[in-house]
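Have a look at the structure below before the remarks.
Both ligands and their constituent atoms are indexed starting at 1 by order of listing.
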Amino acid sequence: MNDSPLSIPTWYRDPHAEQAMAEGHAPIWRHLLSLVPEHELSGVKVLDFGCNQGGFLRLLHQIRPFREGLGVDIARQSVEHANRLKGNLPIGYQTDTRLTGYENHFDIAFSHEVIYLIEDIAQHAADMLRVLKPGGVYYAVTGCHTDNPLWPQWRERVAEQTHTVVQDRALDDYARIFSAAGFQVSARRLGFSGFVPYEPDGWMPNIAAAIDYYWHTKTVFRLVKPPVPVS
Ligand SMILES: C[S@@+](CC[C@H](N)C(=O)[O-])C[C@H]1O[C@@H](n2cnc3c(N)ncnc32)[C@H](O)[C@@H]1O
């Protein structure tokens with residue numbers, strides 16, 4: 001356990017909201033995985049950065065079993081919950097933000113709706129480059145950016161309801177910063193074409209906005225650590 005001095009208890013101030021978040025994210029995680037061309041993971045080490053209660057890696061192992069998984073999060077109690085739920089799966093969960101000691105360790109990494117909460121994104125990009133093997137891939141997904149028309153309202157809600165500080169960045173800021181860190185950067189729309197539930201809970205002003213968000217606004221960055229050149 002690499003306990004960060006900067007840790008928080010849970011991400012949501014209301015800890016019960018975290019289970020609901022995982023249930024809401026599960027169809028999106030499934031869709032995200034359908035976009036990922038890395039199919040054969042049986043020999044692979046996977047990282048989930050900002051894992052919360054760990055559901056993404058449990059789902060990934062069910063769909064594409066991997067050799068070893070690590071989920072890290074700044075939220076201590078969420079990580080403890082993830083560890084209680086993992087059973088015999090080859091997954092560790094720990095409170096961590098910097099991944100010290102994992103140099104050139106992971107083949108593939110994910111973060112789903114986390115990068116907009118990280119204050120020093122250039123440091124995060126450098127950390128992710130360091131912990132990936134050469135040729136390794138980092139999928140960083142977010143719809144929480146200043147190109148999102150709903151962002152002015154959402155940023156207030158996130159700030160009120162969670163223990164983290166919200167960052168205002170455009171998609172281009174991420175592209176530029178990850179590129180400057182040394183990643184080969186590409187991106188796509190999430191393009192979620194499934195049925196989007198009608199949830200009048202205040203996040204989406206109407207169902208059309210919800211459909212557009214999951215189809216168009218939410219973005220998947222594919223960040224590749226350059227392979228070692230063959231001499
Ligand atoms: C919106 S939640 C997403 C959780 C999960 N990835 C999912 O898809 O449901 C954002 C998560 O990122 C975590 N987080 C925020 N800043 C972090 C940081 N600097 N290092 C690690 N985790 C962080 C939060 O504690 C929270 O669990």
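Scanning for salt bridge (charged side-chain N to carboxylate O under 4.0 Å, His left out) contacts around Asp168 gives Arg155, with sequence neighbours left out. Residues passing the ring-ring contact (aromatic ring centres under 6.0 Å, His included) test with Trp215: none are found, sequence neighbours excluded.
Here Phe221 and Tyr139 keep their ring centres 6.0 angstrom or further from each other. Taking the ring centroids of Trp154 and Tyr213, they lie under the 6.0 Å cut-off. Here Phe49 and His112 keep their ring centres 6.0 angstrom or further from each other.
Using a non-hydrogen distance threshold of 4.0 Å, Val114 registers as a contact of ligand 1. Look at Thr162 and you'll find every heavy atom at least 4.0 Å from all atoms of ligand 1.
Between Leu6, Ile115, Leu117, Ile28, it is Leu117 that holds the heavy atom closest to atom 15 (C) of ligand 1. Looking at Glu113, Arg98, His25 and measuring to atom 10 (C) of ligand 1, the nearest heavy atom belongs to Glu113.
At least one N or O atom of His112, backbone or side chain, sits closer than 3.5 Å to an N or O atom of ligand 1. Between Trp11 and ligand 1, a contact under 3.5 Å exists for no N or O pair. Ligand 1 has no N or O atom lying under 3.5 Å from any N or O atom of Asp48, backbone or side chain.
The Ala75 neighbourhood of ligand 1 comprises atoms 25 (O), with distances under 4.0 Å to a heavy atom of that residue. Atoms of ligand 1 found under 4.0 Å from any heavy atom of Asp96 (numbered from 1 in listed order, with element): 21 (C). For ligand 1, the atoms closer than 4.0 angstrom to any heavy atom of Gly50 are 4 (C), 5 (C), 6 (N), 11 (C), 12 (O), 22 (N). Near Met21, the atoms of ligand 1 lying under 4.0 angstrom from a non-hydrogen atom of the residue are 1 (C), 2 (S), 4 (C). The Trp29 neighbourhood of ligand 1 comprises atoms 7 (C), 8 (O), 9 (O), with distances under 4.0 Å to a heavy atom of that residue. If you number the atoms of ligand 1 from 1 as listed, the ones under 4.0 Å from a heavy atom of Phe49 come out as 20 (N), 21 (C).
Under a cut-off of 6.0 angstrom, the local environment of CZ in Arg67 is sparse, with at most 12 non-hydrogen atoms contributed by other residues, nucleotides or ligands.
Scanning the protein for heavy atoms near atom 23 (C) of ligand 1, the closest one is Ile74 CG2, 3.5 Å. Here the protein heavy atom with the shortest distance to atom 20 (N) of ligand 1 is Thr97 CG2, 3.2 Å. Atom 27 (O) of ligand 1 has Asp73 OD2, 2.7 Å as its closest protein atom, hydrogens excluded (heavy atom only).
Side-chain contact, Ser78 with Glu80: no donor N or O sits under 3.5 Å from an acceptor N or O. For Tyr116 and Arg169, the side-chain atoms include no donor-acceptor pair closer than 3.5 Å.
We find that Asp107 and Lys45 are not joined by a salt bridge, their nearest charged nitrogen and carboxylate oxygen being 4.0 Å or further apart.
With respect to Lys218, the side-chain hydrogen bond (donor to acceptor under 3.5 Å, both in side chains) criterion is satisfied by exactly one of His31, Glu113, His145: Glu113.
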